[in-house]
*Asks:* 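Below are the structure tokens for one structure; questions will follow.
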Amino acid sequence: MASSSSDEDVYFSTNPPPRSLDEHVNLASSFINTHALANRRVVLVTSGGTTVPLEKQTVRFIDNFSAGTRGATSAEYFLEAGYAVVFLHRQFSLLPYSRHFSHSKDCFLDFLSEAPTGQVEWRAGHDAAKVRDVLARYRRAKDANMLLMIPFVTIGDYLHELRAVSRLMRPLGARGLLYLAAAVSDFFVPPDRMAEHKIQSTDAVPDRGSDDPPPPPPPAGEEDEEFDNFDASPRVPRSKRLVIDLDPVPKFLKNLVDGWAPEGMIVSYKLETDPAILVRKARCSLVRYQHHLVIGNLLSTRKWEVVFVSPGRDDAWLRVPPPSSSSGGGGGWGDAEGRPLRADELPRDDPDTEIEKLIIPAVAKLHDAHIGNKQFVALPA
Ligand code: PAZ
């Protein structure tokens with residue numbers, strides 16, 4: 001269900017904004033207004049996963065798989081296409097340009113060595129051309145003030161930032177583009193049910209002010225006779241479990257379409273794992289939220305195929321060749337423990353195999369049409 005404006009008021013008044021919201025709004029406002037005055041297109045790219053804190057003083061949280069590859073790669077291609085980019089991303093996820101030198105591949109330290117003089121210098125044999133190319137593109141974007149990076153961490157931060165930044169995009173009219181690639185949690189713990197302190201795994205905490213030692217644990221097998229009715233296992237007593245009860249995150253896409261950024265073009269992603277339901281779910285999302293484009297992708301193939309689902313058009317698949325262990329897809333890559341990566345985890349740093357190279361021009365073309373339609377509607381009779 002889409003959320004009514006009163007659901008919106010309730011959510012945003014009961015879930016605290018991130019500390020840096022005002023600072024981010026000031027930065028985004030000046031960035032967007034500058035580009036609006038220059039008649040430039042501006043895209044808001046959302047990227048990476050949102051966390052779901054379990055405690056107010058957060059020790060533990062629920063997270064998801066997203067590394068921010070889609071968002072960071074897309075941002076680069078939008079910059080190449082002339083867009084100014086607000087990059088709303090999960091803190092410490094991949095960033096445009098620096099993603100080419102991440103901790104798992106091409107660590108920047110591998111490019112450097114120390115000369116006998118003590119000076120740090122370029123290490124012979126390393127791919128200077130790649131560094132020069134990425135650096136030149138990064139500098140072009142930064143020097144022309146075309147890239148603004150705004151971080152978030154939690155689902156609450158994300159929603160506050162998304163609402164604030166998309167509202168700032170109104171002066172852009174149809175030239176604003178919202179490209180929502182972040183992997184946003186569907187469930188959360190509302191503040192009134194969230195523990196203040198670290199959730200304890202045992203209740204053996206002495207009373208405040210008491211020096212008495214904690215009571216001894218009950219004998220094995222007598223800890224607690226109660227069990228959850230959805231789990232018949234008699235081996236794990238309730239007192240040792242953490243049962244997490246999550247509320248659904250309100251769906252704000254309709255609020256975004258109708259109220260926050262009504263003139264802009266809105267593109268959302270839909271992620272599934274079951275190929276049998278992907279296109280149907282993407283179309284449902286389009287019908288429900290009445291926006292302009294849903295890009296469907298499957299977890300296991302998202303780096304080499306996506307489907308565009310949009311109103312009045314046939315579904316269109318975009319594909320690049322999938323990686324193979326012998327191709328440039330990255331044979332020999334492993335995770336931090338040296339286990340080989342699955343195909344969908346392989347870094348794809350060859351522009352010819354990055355699917356975003358196809359996605360962004362296709363989105364930009366639909367954006368041309370969106371701008372054209374709005375101009376047509378705006379003409380006096
Ligand atoms: O960050 P990443 O490149 O590993 O993954 C990208 C993605 C799958 C999160 C993105 O393409 C996507 O589908 N985002 C929307 C997820 C959703 O349905 O909420």
Side-chain angles (χ1 to χ4, degrees), residues 1-2 43-50 64-78 81 88-90 93-94 155 158 162 166 177-187 248-249 251-254 256-257 261 264-323 329 342-346 348 353-370:
M1 273 281 284
V43 60
L44 169 62
V45 175
T46 71
S47 182
T50 57
N64 66 50
F65 70 95
S66 171
T69 313
R70 172 83 75 225
T73 312
S74 300
E76 282 181 32
Y77 283 99
F78 275 121
L88 180 58
H89 65 281
R90 165 71 180 281
S93 64
L94 293 177
I155 172 69
Y158 169 81
L162 176 67
S166 53
L177 172 61
L178 291 98
Y179 178 87
L180 310 175
V184 181
S185 171
D186 288 326
F187 302 100
V249 171
K251 302 286 185 201
F252 287 122
L253 194 45
K254 192 82 180 90
L256 194 153
V257 173
M265 174 167 161
I266 297 171
V267 180
S268 70
Y269 270 85
K270 169 60 79 194
L271 174 74
E272 292 297 340
T273 53
D274 179 356
I277 63 170
L278 177 64
V279 172
R280 192 157 30 94
K281 292 290 295 275
R283 197 145 288 282
C284 276
S285 166
L286 203 60
V287 169
R288 177 177 296 169
Y289 303 117
Q290 300 282 298
H291 55 311
H292 307 99
L293 170 66
V294 178
I295 305 180
N297 56 174
L298 292 168
L299 182 67
S300 56
T301 58
R302 68 192 187 282
K303 295 196 179 172
W304 56 91
E305 63 176 16
V306 300
V307 58
F308 275 35
V309 177
S310 57
R313 291 188 186 84
D314 288 341
D315 304 337
W317 286 89
L318 301 185
R319 292 191 171 93
V320 293
R342 291 193 319 262
D344 63 291
E345 298 172 320
L346 292 171
R348 313 209 83 195
T353 61
E354 284 179 338
I355 193 162
E356 291 78 7
K357 189 181 183 178
L358 304 184
I359 296 175
I360 303 316
V363 170
K365 203 161 156 208
L366 292 173
H367 194 200
D368 290 341
H370 176 81

*Asks:* What is the minimum heavy-atom distance between Ala362 and Leu318, and which atoms define it?
*Replies:* CB-CD1, 4.3 Å

*Asks:* Identify the heavy atoms of Gly48 and Ser66 that sit nearest to each other, and give their distance.
*Replies:* CA-OG, 3.3 Å

*Asks:* Quick check for you: to the nearest 0.5 Å, what is the distance between Leu177 atom CG and Leu44 atom CG?
*Replies:* 8.5 Å

*Asks:* Can you give me the closest heavy-atom contact between Ala182 and Ser47, atom names plus distance?
*Replies:* CB-N, 3.6 Å

*Asks:* Kindly give the heavy-atom pair with the smallest separation between Ser310 and Leu293, and that separation in Å.
*Replies:* CB-CD1, 3.9 Å

*Asks:* If I take atom OG1 from residue Thr69 and atom CG from residue Leu94, how far apart are they, to the nearest 0.5 angstrom?
*Replies:* 5.0 Å

*Asks:* Can you list everything that forms a ring pair (Phe, Tyr, Trp, His ring centres under 6.0 Å) with Tyr269? Sequence neighbours excluded, please.
*Replies:* Tyr179

*Asks:* Using every non-hydrogen atom in the two residues, find where Asn297 and Glu305 come nearest and quote the distance to one decimal.
*Replies:* CB-O, 4.2 Å

*Asks:* Which residue pairs pass the salt bridge (Lys or Arg N to Asp or Glu O under 4.0 Å) test with at least one member in residues 264-274, sequence neighbours excluded?
*Replies:* Glu272-Lys281

*Asks:* Taking all non-hydrogen atoms of both residues, which atom of His292 and which atom of Met265 are closest, and how far apart?
*Replies:* ND1-CA, 3.5 Å

*Asks:* CG/Leu162 to CG/Leu88 distance, rounded to the nearest 0.5 angstrom?
*Replies:* 6.5 Å

*Asks:* Determine whether Ile359 and Arg70 satisfy the following criterion, side chain to side chain contact (heavy atoms under 4.5 Å, CB included), listing intermediate values before the conclusion.
*Replies:* CA-CA 10 Å; Ile359 296 175; Arg70 172 83 75 225; 4.1 Å; yes

